[in-house]
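Working notes for the structure below.
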Amino acid sequence: MSRLLRERKIESTAPAMLRIEYGPGEAAQDDSAAAVLLEIQYGQSSTPSSPSTLVAQVPLRALDSTTVERWIVDGDVERERVDEFELATNETLLAGYALAPGEEVEHETRAVYVRMLRIVAEHGFQLLRVWNVVPHLHLRSGGLDRYMRFCRGRAEAFETSWGPRFAKRLCAFSAVGSEEGPQVLYFLAGREEGTPRENPRQIPAWTYPARYGPRSPCFARGLRAPDALAGMVFVSGTASIVGHESRHMEDCAAQTRETMRNVRALLYGADDGGSALEAGQFAPVKVYLRRALDRAPVAGILESALGPRTPILYLQADLCRPELLVEIEGLGRDLVRPSPPPRDAR
Ligand code: 3EB
């Protein structure tokens with residue numbers, strides 16, 4: 001084997017680096033070799049990390065001075081535009097960002113998802129994580145609200161692109177609502193597929209009963225990243241839902257504690273009865289709040305659940321069911337214990 005090939009081989013099996021950082025609007029001075037794959041600006045726009053950085057503008061209000069999220073990767077990042085998607089890749093990871101008008105939500109969602117799934121496949125990548133921001137989520141027409149229409153458009157796109165058994169291959173998702181602006185979609189994809197993970201305290205979202213809408217939401221509760229990303233679990237937007245039912249109406253503190261029980265159950269692969277997470281096991285974290293005034297009490301609960309140093313970004317958003325007041329997502333560590341050897345093997 002030539003030296004060049006050997007070096008290539010080593011490079012391709014080394015862990016792919018992905019670091020998610022939060023910060024204020026002003027671009028950080030970073031003189032390392034790392035590059036920004038995607039910079040997400042919440043609320044107002046600010047000066048990006050560099051003029052060539054892919055920037056996603058997300059029309060949700062940040063509730064403190066942390067307004068920017070950066071996905072930091074190794075190596076050079078190349079940019080490309082395909083259809084309505086702005087893409088950035090370092091060869092190991094692919095990020096994409098697209099806008100839709102935000103009017104005919106069902107039709108627009110189906111169309112943009114079909115194109116996203118085609119673009120990711122054509123580039124030789126696998127979806128790991130998708131975020132959606134949909135304007136006027138609870139506006140109703142013809143007996144359905146816009147979230148239900150979004151879900152139907154998304155389900156039809158997966159079915160058309162992947163066939164009838166698409167649900168088993170879904171990745172981690174978040175879908176929240178904005179007061180105004182276009183529909184926003186952004187995603188992260190990797191070279192290898194991750195392993196979808198369901199939550200033992202919740203039924204899979206794609207099996208929700210019909211009272212939540214004519215097509216169930218298509219997402220996995222979480223996704224264990226491929227080995228190249230070293231034990232990361234992408235935790236989908238998680239709310240105070242047990243089984244399929246919303247819990248703790250009008251009590252944001254109780255919803256937050258229930259949501260954290262769900263996050264722990266996902267990471268441990270079992271209901272853990274309430275034990276705490278250690279520093280770094282769930283970080284960074286993003287919190288979507290229906291009402292800005294809930295920020296301080298939620299921050300207090302999360303500080304005791306996650307320790308004082310966990311980076312948390314707070315955004316105001318509508319959530320998929322009107323009664324939900326808080327939704328929490330983030331990057332977790334896989335805490336599932338390897339199963340012990342069978343008894344008769346000892
Ligand atoms: C839930 O558990 C809350 O439709 O993509 C969370 C994460 C929720 C993702 C989605 C919806 C979605 O049903 C809502």
Side-chain angles (χ1 to χ4, degrees), residues 58 60 98 100 105-106 108-110 112-113 116-117 127-138 144-159 166-167 169-178 183-188 196-223 233-249 252 255-256 258-266 282 285-290 315 317-332:
V58 173
L60 297 175
V105 67
E106 187 171 335
E108 288 173 21
T109 300
R110 191 192 308 118
V112 75
Y113 265 80
M116 174 181 76
L117 295 173
L127 273 184
L128 301 174
R129 187 69 173 87
V130 184
W131 287 263
N132 298 273
V133 181
V134 178
H136 311 293
L137 207 53
H138 300 306
L144 302 179
D145 76 9
R146 284 168 51 91
Y147 175 61
M148 296 170 188
R149 293 187 181 280
F150 163 82
C151 284
R152 189 155 69 184
R154 175 174 57 178
E156 287 173 4
F158 274 110
E159 205 165 55
F166 68 89
R169 297 171 51 202
L170 291 169
C171 72
F173 275 76
S174 295
V176 301
S178 58
Q183 180 175 341
V184 180
L185 174 68
Y186 56 102
F187 70 80
L188 178 71
R197 181 175 299 175
E198 288 303 319
N199 194 314
R201 303 183 79 240
Q202 302 179 301
I203 69 168
W206 38 273
T207 67
Y208 280 169
R211 74 175 212 232
Y212 299 105
R215 291 299 305 260
S216 299
C218 297
F219 66 97
R221 300 293 178 183
L223 184 91
V233 177
F234 294 100
V235 178
S236 291
T238 305
S240 177
I241 294 174
V242 179
H244 58 77
E245 281 171 340
S246 309
R247 292 278 174 93
H248 315 295
M249 305 296 161
C252 190
Q255 288 195 11
T256 303
E258 194 73 69
T259 299
M260 288 310 299
R261 280 196 282 279
N262 284 334
V263 168
R264 287 192 301 265
L266 182 86
F282 186 48
V285 170
K286 202 180 299 157
V287 177
Y288 303 95
L289 293 173
R290 180 74 194 285
L315 298 169
D318 286 335
L319 304 174
C320 297
R321 300 179 187 180
E323 69 274 18
L324 295 176
L325 299 174
V326 56
E327 189 172 303
I328 300 178
E329 64 173 51
L331 258 189

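Note that ligands are numbered from 1 as they come in the structure, with each ligand's atoms numbered from 1 the same way. Numbering of residues begins at 1 and proceeds along the displayed sequence.
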Checklist line | Carboxylate-amine/guanidinium contact E327 R290, below 4.0 Å | finding: no

Checklist line | Verdict with reasoning, E258 to R201, per salt bridge (charged side-chain N to carboxylate O under 4.0 Å, His left out) | finding: CA-CA 10 Å; E258 194 73 69; R201 303 183 79 240; 2.8 Å; yes

Notebook entry, point to check: Are R149 and E108 ion-paired here, with the side-chain N under 4.0 Å from a carboxylate O?
Noted result: no

Item checked: Residue and atom name of the nearest protein heavy atom (relative to atom 6 (C) of ligand 1), distance in Å to one decimal -> G237 O, 3.1 Å

Next item on the list: Output the list of atoms in ligand 1 that are nearer than 4.0 Å to some heavy atom of F173, sorted by atom number.
Entry: 5 (O), 7 (C), 9 (C)

Next item on the list: Record the part of E329 in heavy-atom contact with ligand 1 below 4.0 Å; permitted values are side chain, backbone, both and neither.
Entry: neither

Next item on the list: Decide whether an N or O pair under 3.5 Å exists between Y208 and ligand 1.
Entry: yes

Next item on the list: Return the orientation label for the F166 and F158 ring planes: parallel under 30°, perpendicular over 60°, tilted otherwise.
Entry: parallel

Note to self: Pairs of nitrogen or oxygen atoms closer than 3.5 Å, one from R221 and one from ligand 1: do any exist?
What the structure shows: yes

Checklist line | Within reach of ligand 1, part of F219 (heavy-atom separation under 4.0 Å) | finding: side chain

Checklist line | Backbone or side-chain N or O of R154 under 3.5 Å from ligand 1 N or O | finding: yes

Check: Identify the closest protein heavy atom to atom 3 (C) of ligand 1: which residue and atom is it, and at what distance?
Finding: I241 CD1, 3.8 Å

Item checked: Which of the ligand 1 atoms, numbered from 1, are nearer than 4.0 Å to a heavy atom of P217 -> 4 (O)

Next item on the list: Kindly assign one of parallel, tilted or perpendicular to the pair F173 and Y113, based on the angle between their ring planes and the thresholds 30° and 60°.
Entry: parallel

Margin query: In terms of relative ring orientation, are F150 and Y147 parallel, tilted or perpendicular, with 30° and 60° separating the classes?
Written below: parallel

Item checked: Cationic N near anionic O, under 4.0 Å, R129 to E329 -> yes

Checklist line | ligand 1-proximal atoms of C320, by part, heavy-atom distance under 4.0 Å | finding: side chain

Notebook entry, point to check: Is Y147 close to ligand 1, meaning an N/O of one under 3.5 Å from an N/O of the other?
Noted result: yes

Notebook entry, point to check: Is a side-chain N or O of Q202 found less than 3.5 angstrom from the main chain of I241, in a donor-acceptor match?
Noted result: yes

